[in-house]
Amino acid sequence: MAVDFIKGSISNIDDTEYHCNKTVVRKVISGVVGAASSVTSIQVANLLRLFRIPQVSFFSTSPELSNKQRFEYFTRTIPSDLYQVKAMVDIVMLLKWNYISIIYEESNYGIKAFEELEVLLSKRGICIAVKEKLVKDSGVAEDLVYDSIVSKLLTKTRARGCIIFGSDQEVAMLMRAVRRANASRTFSWIGSDGWSARNLVSDGNELEVEGTLSVQPQANPVKGFEEYFLNLNVENNRRNPWFVEFWEDHFECRYPNSSLTPYNKKYKNPCTTHEKLAKNATDFEAQLQFVSDAVMAFAYALKDMHQELCGGKPGLCDAMKPTKGSDLLKFLRKVQFEGLTGDYFSFDNNGDGPARYNIIHFKQIRPGKYDWVKVGVYDRGFLNLSIDEVQFKIDHPTPPQSVCSLPCSLGQAKKYVEGEICCWHCFNCTQYQIVNPEDETQCLTCRMGTLPDPLKTTCVAIPEVYMRPQSIWAIGAMSFSATGILITLFVTGVFVKNNETPVVRASGRELSYVLLAGILMCYLITFSLVFKPTDIVCSVQRFSAGLCFTIVYGALFTKTNRIARIFKAAKQTAKRPSFISPRSQLCICSALVFVQILINGIWMIISPAHAVHHYPTREQNLLVCNSYMDASYMIAFFYPIFLIIICTIYAILTRKIPESFNESKHIGFTMYTTCIIWLAFLPLYFVTAQHLYLRITSMSVTISLSATVTLVCLFTPKMYIILIRPERNVRQSMMPVRLTTFNKSANDGSMMGPVMLTAVTSGQNEKVKSVSGENKVAENGNTVKYVEIGTQTCTVTDFVFTAPLPKAPSHKQLASSLASPASLHSIPYADQSSLPPMTGSGIGNDDKGETGKEIVHSSGETTPTATTTQIPNQMVSSASYNNLSTSSVNCHNVNSVSGNEKSRIINQTTNNNRNETCIRQRNGNFIS
């Protein structure tokens, strides 16, 4: 037959007819259906491709046959094992196995499938624990070989799943070895179509096979085939030479006139030829669909070829005598039809049948009853498995685990066992780490401002924390500042309204308004501190924080410096100090403020202000200005602090000026309190770095509190006079005079005690004119110095007074001059640019004239000075006439006594070592 087959093939190539014998017409072989085994089909395909004969197999599933460079003329109606392998891998993935064993048949069928399995499993991250071969011929291998395979499987206790790619005979031997090893309920199998649904495997091995999931090419019953086959017998099926052997084997008899074969020699009973096939006694092949599809494929290919080449004419035309294999192959690959099973059929690009599989499951339906049950399908790359119907063991319905290592918990990374990609140890990531999404063996530390999510899979941003205007901290700070703003505006309004009154003028109007502006800025700073930080807000904070203090303490520095210079100059010289006019004071204050502006400008250029995220701890995300994170705010406060220190020093230096000049004392108290506030703030600022709300609130309150101290200490006395005691807001009330005598003992021979006459200082332009008398020697030998300057200390022996006097006054004129309203009202304000002229007899306005003086001796006589020219007004403390006491126990009215009596009183007072003070001091902003 083989020789005849080859001869027919040659005839096909040489375009000649093949004759079976001399009496039969020679016919040409156009195509071959078969074989069933992949091994056989590979050998036949190698032969047929030489003669260009198309071949269609119905059971050969080896992936190797899909290689069309080697097997150009091979096609099949059954899908390649490649799809079967893909279906198996998908099942493994669905069961969440990552550590399995593979047992494969040592044949082209098993080896090629194993090669595909290795590739696909590796791509899916599934490891192979054990891989073993099954000897193809069951008659060769002994039980010891199968026992060895099972022993190796048992060494990998965590690899519970196993894929078996083999034939039914070898797999049946393996199951018996499993039973011998007492491992019947240990493994879960995934089987290939070579042994699935085969009674040879399951019969007697039900406990070992239980739970198997198998992949089987999808095949439906061929319509009418059972009826057709059951009606066959030897007589009506002579064309099948092997049907007699089937008949003898099925009925266990010897058919009459049949040849003796190794299979029928054991049968002694002859067949009656009347035997009939019964359905219940006949096992039909479940995959007959692929056989019928193979035949139908050739039929439709020839039909299409005849239609195109012969135009549909009956019989073969010359174009099909003989049929060319290459042309038939083209029509064969294009066929599309509905098969005898009712399923649609067509070849794919590789010449394979549709990849349709049934997933069948061997399970115990009820105790003691086992059967193969369809639980899913695999159609063209998509798996549809009803996992609820899968039951690996009747008492364990859930799928077993087949993993080398269990998945790590949340927040744990893997450390792989050397040489094993599916075996690892788990270790915990730290509190602020997540498992690296790109490398599960490493922990990734979250960047600052983020924290791991609860699943430890990603870093999530920490919500921004910043001072919000609606927070209780901000509301408290803004309420304090708003109150201060209203009070400051109220004070400013009162000052503006009373701008020309003595209190406002005496306090230095220009610097007072500068001071109020700085205080207002201090209060406004709070609102920039509580807003959400932005680059603009941060710039405003940085620039204005130090500027507002510089304005306040620059003005105070100017005031205190002026006071100190005036009193220091008065003790050293009669010359008027420089730069004490209002314009000079504003220039000095502006220069001080400009220094702060220059510092801020350079700072902003070198290190611009901007909003940044600050992370005091890993769990905090503060949105702050960049100056907040360190001590750089101190750059803005350094210069104001320097001014505070200088102002405090000046306040200390001027603390002993005449007590009636109490503004210097108010400034001193302001500076002392401010120093205490800032000494308390600085440590609080640095220790609250992690508490955003407290730090910003403390800074805001400190700034506002400093402004409040300045506002209260410096402006409350003035507001008291303006609003509550307006009757004192007059010229005379602002500048009273106090004349005090200090008498030393007559026996000590020293000079008399000092008398101090002090002039008021203010922020206005003042001109101090001083005329100092010469030392005179009285009749009693005492030295007398008559001084007419308001800011100089002088010593007298008797009674001192100043007034413009005519030349050679009488006793009565001398006494009257002390109580003269004209002399008192002639004293100017400190902010007046010149002294008003005195009117009256003998009084001139020449500033260069000699000063007239008279010495009142103990005897009561008066001695005029040698100078008889007119004298100008003397610069002394402004006072009112009512301030001079004219009737008191210790003060005597000189107008009511004679000259002798007055001398007696003076001598009595001196001899008795008594101090006489002729003044009635009033409450208020007095000066000595």
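Each residue takes its place number in the sequence, starting with 1.
Environment of CD1 in I472: sparse, with no more than 12 heavy atoms of neighbouring residues, nucleotides or ligands closer than 6.0 Å.
Under the 3.5 Å distance criterion, the side-chain polar atoms of Y513 are left unmatched by any main-chain donor or acceptor of T492. Distance alone, capped at 3.5 Å, is enough to place a donor-acceptor pair between the S512 side chain and the G508 backbone.
Remark: SG of C538 is found under 2.5 Å from SG of C625.
Atom CD1 of I652 sits about 11.5 Å away from atom OG1 of T560, to the nearest 0.5 Å.
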Stepwise side chain to side chain donor-acceptor pair (under 3.5 Å) check, S528 with S544 = CA-CA 9 Å; S528 67; S544 57; 4.8 Å; no
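Donor-acceptor pairing under 3.5 Å is lacking for the side chains of S700 and T697. If you check the side chains of T483 and Y523, you find no donor sitting under 3.5 Å from an acceptor. Counting only N and O atoms by type, the side chains of T710 and T670 include no donor and acceptor under 3.5 Å apart. A donor-acceptor pair shorter than 3.5 Å can be found between the side chains of N626 and R542.
Within the 6.0 Å centre-distance limit, the rings of F495 and F715 are counted as a close aromatic pair.
Qualifying side chain to side chain contact (heavy atoms under 4.5 Å, CB included) partners for T716, counting only residues two or more places apart in sequence or in other chains: V712.
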